[in-house]
Amino acid sequence: MTAMSRPDDQGRFGAYGGRFAPETLIPALETLEEEFEAAMADPAFLAELSDLLRDFVGRPTPLYEATRLSEALGVRVLLKREDLAHTGAHKINNTVGQGLLARRMGKPRVIAETGAGQHGVATATACALFGLECEVFMGTVDIERQAINVDRMRMLGATVTPVTAGAGTLKDAVSAALRDWVATVETTHYIIGSVVGPHPFPTIVREFQRVIGEETITQLGDRRPDVVVACVGGGSNSMGMFHPFADRGVDLVGVEAGGDGLSSGRHGATLSAGSPGVLHGAMTYMLQDDEGQVLEAHSISAGLDYPGVGPEHAYFKDAGIARYESVTDDEAVAAMSLLSSHEGIVPALESAHAIAWVERERAALAGKTVVVCLSGRGDKDLDHVRTR
Amino acid sequence: MNLAAVLRSARSEGRTLLLPYLMAGVPTREATVDLFMAMAEAGADGFEVGIPYADPLMDGPVIEAAGRLALSSGTTFGRGMELAAEVASRTGLPCVVMTYVNPILRRGYERFCAEVAAAGLDGVIAADLPVDEAEPLAMAARKAGVSLIPLVAPTTSAERIARAAALQPPFIYAVAELGVTGERAGPNERASGLVARIREVTDLPVGMGVGISTPEQARSAATMADAVIVGTAVVRRVLEAGSSREATRAVTDLVSSLRAAID
C-alpha cells in the first residue's frame, strides 16, 4: 500500500482519521479545509510561506554528517538539523504556515496546546510575527518541567493558561484547547501542534512539515539512506520526514516513548502497545483500558507524553509503510548525553529517542546509512534531566 | 410511554418537557438513583443519564469534575449503564444516556445498543459523534429499536440539520450556545435562529440544552423548544451539597422551580 496525498472524502487514511468532534466545530473544520486547499493552490500564499521559511525560520536546515557519532556507533549517521530552525525545533514550520492561514481567514485570535513548550513557543512566535492574539494551554506538570519555554512564551506576548485536569500533561492541554475552541470558533483559529485531531488537521500539519523530508531528499543527492528514523509523540516531525520518503524503498522507523518500559504500563508507546479508538477527534491508535477510557501516558519527554498518535501514522503502521519501535526514558537520557559529548549538539529529549534507537540497534545497522530527524534542541530539558 | 410518544403527547397538549441531566455515580453509586427519583417527583418528564468518560470534550469543568468523581469512585462505563437502567425502571420515565463515542466503540456498537434496549432506555447521545460519523451507530441503534439523538449547534447549516433529521430521532438536540456545557447568560438570538432553521427543515421535536441553568433561561428556552435540558445546574448542586439529604433538597428545589417556570 502507498502513502496518500490526501485522505478520502471522510477525512480517513484507511480506517483512521475522520471527524469525531462536537457538532459546533464541524462547520469550522469544513471551512478550514476549503481555506487550506485554496491557500495551497495560491501561488502568492506559497511564495510568502517560502520566503518566511527561508528568512524567518532559517530554512533549509542542514543535513549534517555526524562523524564522531558515526565512528562511535559503527553506523553512518546523518542528522537533519531541525534543532537549528528558529525557536529550536521543527514546530515553527507548522506554526508559520497555520499563522498565515489564520491571517488569511481573518481570525484575530489563535489558541494552541503545548507539551514540551516547543509548539507553544513556535505558536507565540508566529502570532507575534503576524500580530495575532495568542493563548497557549499547557498542563501544570509540563509548566513545571519546561519552565524556560513558559518564560519564552510570555516574553513573546502569549497568555499561558495552566491546565490542571487529568495528569496535567499534553492530552489535557489538547482537550482544554478544543473546549476553548468550541466556545470561540468564530473568532479563533486553533493551531494544533501535531498531525493529530479531527480532519483536516492531520493533513494540514503534515503538509507544513513535509518540508523536512523534501529538503532531506534534495540534500542527500546521490546518497541513498538505508533507514530514516524520527521520534513519534503525536508524530509531526516524523510524518513530515516520512511522507516524502514513503514508497522510496527506505526503512522508515518511528521511535515512541517507552517510558519505564512497555511491560511497566508506564509509557507513551501508542502504536507499539495501544489499540484503535477515538481520541481528540480522530480514529487512531491510543492508550485505553478495556472500557475505552483513555489512559495516561508516561514519558520523561513532555513532547512524547501523549496517549494518542496521528491517524496517518496508524495507517502507515497497518499498511507497513513505516514501523514503530520504542526506547525507554533511561535510553533516551543516555543518548542525549552521547550526542552532546560526541558532536557538540544537545538534542531535545524527544529527539534523543531517535538517537537512542540507533545506538541500541547499532549491531543490526552496522555499515548502513541512517538519517535521524533531530527535531529539536535540548536546552529546555537540562533542568529536568539534572534534577531527575 | 417511550420518549417519542411522550414528546408527541406533550406537543398536542402544548406542554414543554423538562429533561434534567445527572452523571451516573454522582455523588455516589448508592445516591444517584434516589436523586433521579427526587427529580421525578419534583416534575421532571424524563432524563439524560451521563455515563462517565475520561476525556469529555463537550463538557465544562462541572460535568468534567462529576465524571472524574464517578470514575474514581468505581462507576465504570458498565456500572454507569446499570445505574441508567435502574433510573429508567425506578422512575418509569423515558431516559437516554449521554456519553462519548470511544467507550461505545470499544464495547461494540451492536452490543452497546442491545444493552441500551435491554435496560429500557430510549437512546443515546454521543457528544463527539457528528452526523458525518454517525451512520454505523445509528444503524445499530435502529436494529436494536433505540435511537441515536443527534446534536445541532448555532454554527450548523440547514443542510446538516437535514442530515440530522434523516436519522429520525425522537428529538433533535439543539445546542443553545457556542461552547461546552456550563452555566451562562443564554439562551439568546443564536438559539432562536437555530430553532427557526430546524423548524424549516423538519417538524421533529427540538430539545434545547447547553447553557440553560436558571428558571428564567428555562422559560425562554421553553418558548422555542419541545423539551428543555438542564445539566450543569443540577450537577453543580449535587457536587456542592454536604450530604445526600442536602443534595436531594437542592435538586428538588431546582427542578420544581424549573418546572414552574416552564409551565
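Each chain gets a letter, A, B and so on, in the order the sequences are listed, and its residues count up from 1. The structure displayed is predicted, hence computed values, not measured ones.
Looking at P56(B), the atoms closer than 4.5 Å to chain A (heavy atoms on both sides) sit in the backbone and in the side chain alike. With a threshold of 4.5 angstrom between heavy atoms, E30(A) approaches chain B through side-chain atoms but not through N, CA, C or O. Of the two parts of D172(A), neither the backbone nor the side chain holds a non-hydrogen atom closer than 4.5 Å to a non-hydrogen atom of chain B. Looking at L57(B), the atoms closer than 4.5 Å to chain A (heavy atoms on both sides) sit in the backbone and in the side chain alike. Residue V101(B) touches chain A through its side chain alone, counting heavy-atom pairs closer than 4.5 Å.
Using a 4.5 Å heavy-atom cutoff, the side chains of P154(B) and E23(A) are not in contact. V294(A) is not listed as a side-chain neighbour of N102(B), based on a closest heavy-atom distance of 4.5 Å or more. The side-chain heavy atoms of R106(B) and Q288(A), taken from C-beta on, include a pair separated by under 4.5 Å. At least one side-chain heavy atom of E291(A) sits less than 4.5 Å from a side-chain heavy atom of R107(B). Between T184(A) and L178(B) the shortest side-chain heavy-atom distance does not fall below 4.5 Å. At a threshold of 4.5 Å between non-hydrogen side-chain atoms, the residues E133(B) and M283(A) do not count as touching.
Between the side chain of E177(B) and the main chain of A183(A), no donor-acceptor pair closer than 3.5 Å is present.
Closest approach of H280(A) and D55(B) over heavy atoms only: NE2-OD2, 3.3 Å. Residues P22(A) and M58(B) come closest through the heavy atom pair CB-SD, 3.6 Å.
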